[in-house]
There are 2 protein chains.
Amino acid sequence: MGKILTMPFDGSMEGATATTAPQDVSREDAATFDVLRKMREDILCCVLKPDQRLRFGELRQRYGTSVGTLREALSHLVSEGLARTEAGRGFQVAPISLADFLDLSELRVYLETSTLADAIRHGTDAWEAEIVSSYFLLAKLAAPRQDDPVSVKREWGKRHKRFHDSLVATCTSPWSLHFRSELFDQARRYHWLTMIHARSRRRNEHLDLRDAVLARDVDLACGLIEKHIRTTVQQAASEVPGLTLEMAKRKKA
Amino acid sequence: MGKILTMPFDGSMEGATATTAPQDVSREDAATFDVLRKMREDILCCVLKPDQRLRFGELRQRYGTSVGTLREALSHLVSEGLARTEAGRGFQVAPISLADFLDLSELRVYLETSTLADAIRHGTDAWEAEIVSSYFLLAKLAAPRQDDPVSVKREWGKRHKRFHDSLVATCTSPWSLHFRSELFDQARRYHWLTMIHARSRRRNEHLDLRDAVLARDVDLACGLIEKHIRTTVQQAASEVPGLTLEMAKRKKA
DNA sequence: ATATTCAAAATTTTCGAAAGTTTCGAAAAT
DNA sequence: ATTTTCGAAACTTTCGAAAATTTTGAATAT
């Protein structure tokens, strides 16, 4: 159900055996996992706003579950850097700042390029097929702007993630993939803010990326994705109003 | 209490403001955090062995706490990659394998060198002082082998971590530091196994590293740490008995 | 006016037990 | 002999309430 990437059907799956890297999307822990996924999505899409305090009373209503379950989910979110907690004064959504976006984007450049290069070298037919497929789905939706409805923004976000995941699916380094995935989610928070305020529609950089990857051109593909990441930061810095080096906002739900 | 690094007293602390990277050692959540720390230490030192199943009954006795608290701690450990969980069949200690150690070490080479280079460029007097101090403490204990008592091994592990943390303390990238720290802990599990079985004592590579860092020689320091990491993997591969590419062990507590 | 104290209110943290799954092994069927 | 079925035991998951902590705000003192 939660599976996003389809694994190759042919033989080459050595990379997937006996790995120790943390579990990402797995564990279909019924309730706990369900709440975790919903909360993560709400933080990523800024339904739960940066710095917002997360009271158990409200959360219990919103997600229809008990404190124990919530606590476990929140605990996870803290590990992922999407929430914070302190001594005996509860949880809150992690803050955002341009400095943070710059920092995580810089590391993303390394992780996206190194995983992509490795994935291209180990690419299979099934990998190519999933790239073609996920690109097709992404291309049906133009990158959303201010005026597009939330449902379209959400759907685009999903397809965008699926496309980028498909590119690196055959990378043989579980740890690199794990950290890449975590940072990608972090970046999604900023992408959402950018969509909310976006005036300009960017030209389709994903097509070039797809073709470079399918052509197995490592240098070109890595160059494109690096540019893609950097451009995204630039756009956020210039088009998202409050995103300066110090964000001293505190909004209520 | 849990604070390992002393922050510089002088002005230069820009890197530390308004960061979003996950909380590492912070959150002194009384019970929860206490249990988490103990369990992490027990996994790192293989008191809880790889693949070992973690039943709540036993854990409740061992750590003297309730299921809820345990669950939260275990949840954290899963995020850190030190434990695994599946649907409705509980938790277990994450497996280990040479493939995993190779993979995480490769990523460590990048993270250790990039954070170290940045740290050297932003080094302060207080940073140098902490390096000198933590090296001094480390040097008082020779790297432990088979026959050394467990308490010495544990203490050496602590000092070893403190020394390496001190080197990168002034790095300005919170995200890089966070991932570096996570991978360092992962490596500690393999270091422990190596100590358990170590026949040879390695010569003191830390002294050279300290001097290169204090001399602000970025290239030399990065070269040394890269070699340090790679040598450690080699030693583990050759001296730890069961550490082959596939580990099909299943030991009981 | 500003600061301090103290108790009530709000909130978080911890726990033990009820509810729900999975695992195990004996009995029955193939 | 092997597989299937079924119920009991073991274990995990979820919950609501008790215990502990922090916050709030009014009353008092500086």
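Every value quoted in this text rests on a predicted model; they were computed, and no experiment measured them. Chain letters run A, B, ... following the sequence lines, proteins first, then strands; residues in each count from 1.
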Report summary line: Between A:Thr69 and A:Arg89, the residue closer to the 5' end of DNA chain D by nearest nucleotide is A:Thr69

Report task. State, without any angle test, whether A:Asp34 and A:Tyr63 hold a side-chain donor-acceptor pair at a distance under 3.5 Å. Result -> no

Query raised in the report: How about A:Glu182 and A:His178: does a side-chain donor come under 3.5 Å of a side-chain acceptor?
Result: yes

Using a cut-off of 4.0 Å on non-hydrogen atoms, how would the nucleic acid contact of [X] be classed: base, sugar-phosphate, or nothing?
X	answer
A:Leu54	sugar-phosphate
B:Gly68	nothing
B:Leu59	nothing

Query - D:dT21 pairs with, by Watson-Crick or G-U criteria that keep both distances under 3.5 Å - result: C:dA10

Requested in this report: State the pairing partner of C:dT30; accept Watson-Crick or G-U wobble contacts with both distances under 3.5 Å, and report none otherwise.
Outcome: D:dA1

**Report entry** Presence of A:Thr65 side-chain N/O under 4.0 Å of D:dT14 phosphate oxygens OP1/OP2
**Finding:** no

**Report entry** Below 4.0 Å: OP1/OP2 of C:dT13 and any side-chain N or O of B:Thr32
**Finding:**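 For C:dT13, OP1/OP2 do not have a side-chain N/O of B:Thr32 under 4.0 Å.
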
Please state how far atom [atom1] in [X] lies from atom [atom2] in [N], giving the value in whole angstrom units.
X	N	atom1	atom2	value
B:Leu70	C:dT13	CG	C1'	14 Å
A:Glu58	C:dT11	CD	P	8 Å
A:Phe56	C:dC15	CZ	C1'	15 Å
A:Arg71	C:dT12	CZ	P	9 Å
B:Gln92	C:dT23	CD	P	12 Å
B:Glu86	C:dT22	CD	P	11 Å
A:Asp34	D:dT13	CG	P	15 Å
A:Arg60	D:dA17	CZ	P	9 Å

Query raised in the report: If you measure from the Lys or Arg side-chain nitrogens to the Asp or Glu carboxylate oxygens, is any gap between B:Glu41 and B:Arg37 under 4.0 Å?
Result: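 The answer is no: the pair does not qualify as a salt bridge.
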
Query raised in the report: Under 4.0 Å between a Lys/Arg side-chain N and an Asp/Glu carboxylate O for B:Arg162 and B:Asp165?
Result: no

Query raised in the report: Within the side chain of A:Glu112, is there an N or O that forms a donor-acceptor pair under 3.5 Å with the backbone of A:Arg180?
Result: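 Checking the backbone N and O of A:Arg180 against the side chain of A:Glu112, no donor-acceptor pair under 3.5 Å is found.
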
Report task. Return the nearest nucleotide to the side chain of B:Arg55; candidates are D:dT13, D:dT12, C:dT12. Result -> D:dT12

